[in-house]
Amino acid sequence: TFAQGFLQSLCAIVDHLANSNQTMQSHLYPAENSVAEDMRRYIDQNYTQRFTLDELADRFHINRFYAAHLFSDAFNCSPMQYRTRRRIGEAQSLLTSSDFSITYIGSMVGYDDPNRFSQAFSKLVGMPPSKYRDLSVCSKLT
C-alpha cells in the first residue's frame, strides 16, 4: 500500500514537473521566465526560512500580485504552496532515511510548531508523518 501510494505521488510530481515545464516555455516571455525561475531557485535554497509573499516579491522588486501570478503561471501553484511542497518533500525523505524524531524533522524543514508540521504533512500526503514513517519502515522489511 505504501509503495503504491509513493509511486502514485512520484508519478504525480513527474507529471506536474513536465506540465510546468511546458507551461513555462509556452506562456512566459524570457524575462518573466527568468524571474519565475529565480523565485523558484530562491525558495529551493531558503524553504526552511520564514518569509511572506510580500517579502519574496520585494526581493525580486516586483508587486506581490504579479509575483504570485508569474510563479503560478510557471509552476501551477503559488510560491507559498511550492514552499510547503518543498518542505514536505524533504520531510518525506528524512522520515524514510533517518531516525530523527518527527518534531526534529519538522523543525529541520522550517516548522517551529510540531502540530502545524503534522497538519501540513497530513494535508499534502494524506496521512500523518508517524504513519508515513511506519509504512516506509514496513515496506523496507518486506
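This chain uses plain numbering: 1 for the first residue, then up along the sequence.
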Cation-pi check for Y111 against R87: NZ or CZ below 6.0 Å from the six-membered ring centre and within 45 degrees of the axis, yes or no?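 Yes, R87 and Y111 form such a contact.
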Cation-pi geometry met for R86 and Y47 (6.0 Å, 45°):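 Yes, a cation-pi geometry.
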Do [X] and [Y] come close enough that some side-chain heavy atom pair is under 4.5 Å?
| X | Y | answer |
| --- | --- | --- |
| P79 | L53 | yes |
| S136 | L95 | no |
| F71 | Q81 | no |

Run the side chain to side chain contact (heavy atoms under 4.5 Å, CB included) test on S98 and I105 for me, step by step, so that the C-alpha distance in whole Å, both residues' side-chain angles and the decisive distance to 0.1 Å come before the verdict. CA-CA 9 Å; S98 75; I105 289 173; 3.9 Å; yes
Identify the two heavy atoms, one from V109 and one from A91, that lie closest to each other, and give their separation to 0.1 Å.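 It is CG1-N, 3.9 Å.
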What is the minimum heavy-atom distance between R133 and L94, and which atoms define it?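 Closest heavy-atom pair between R133 and L94: NH2-O, 3.9 Å.
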Taking A57's backbone N and O only, do any of them form a donor-acceptor pair with R64's side chain (distance below 3.5 Å, no angle check)?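 No; judged by distance alone, with no hydrogens or angles, the pair does not exist.
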Answer yes or no: is there a donor N or O on one side and an acceptor on the other, between the side chain of S72 and the main chain of H69, under 3.5 Å?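 Absent.
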Does I43 form a side chain to side chain contact (heavy atoms under 4.5 Å, CB included) with F51? I'd like the steps, not just the answer. CA-CA 10 Å; I43 294 169; F51 56 87; 4.0 Å; yes
Separation of [Y] [atom2] from [X] [atom1] (nearest 0.5 Å):
| X | Y | atom1 | atom2 | result |
| --- | --- | --- | --- | --- |
| D134 | S130 | CG | OG | 6.0 Å |
| T52 | M80 | OG1 | CE | 7.0 Å |
| T96 | L135 | OG1 | CG | 12.0 Å |
| R83 | R40 | CZ | CZ | 16.0 Å |

Can the ring centroids of F60 and Y66 be said to lie less than 6.0 angstrom from one another?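 Distance test on ring centres: not under 6.0 Å, no.
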Atom pairs and distances, donor-acceptor, side-chain atoms in residues 114-127, under 3.5 Å, two or more places apart:
| unit_1 | atom_1 | unit_2 | atom_2 | d |
| --- | --- | --- | --- | --- |
| S122 | OG | S118 | O | 2.9 |

R41/D44 ion pair, N-O < 4.0 Å: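 Looking at D44 together with R41, the answer is no, because their closest N to O distance does not fall below 4.0 Å.
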How about R50: does its CZ atom have over 12 heavy atoms from other parts shown lying under 6.0 Å from it?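 Open.
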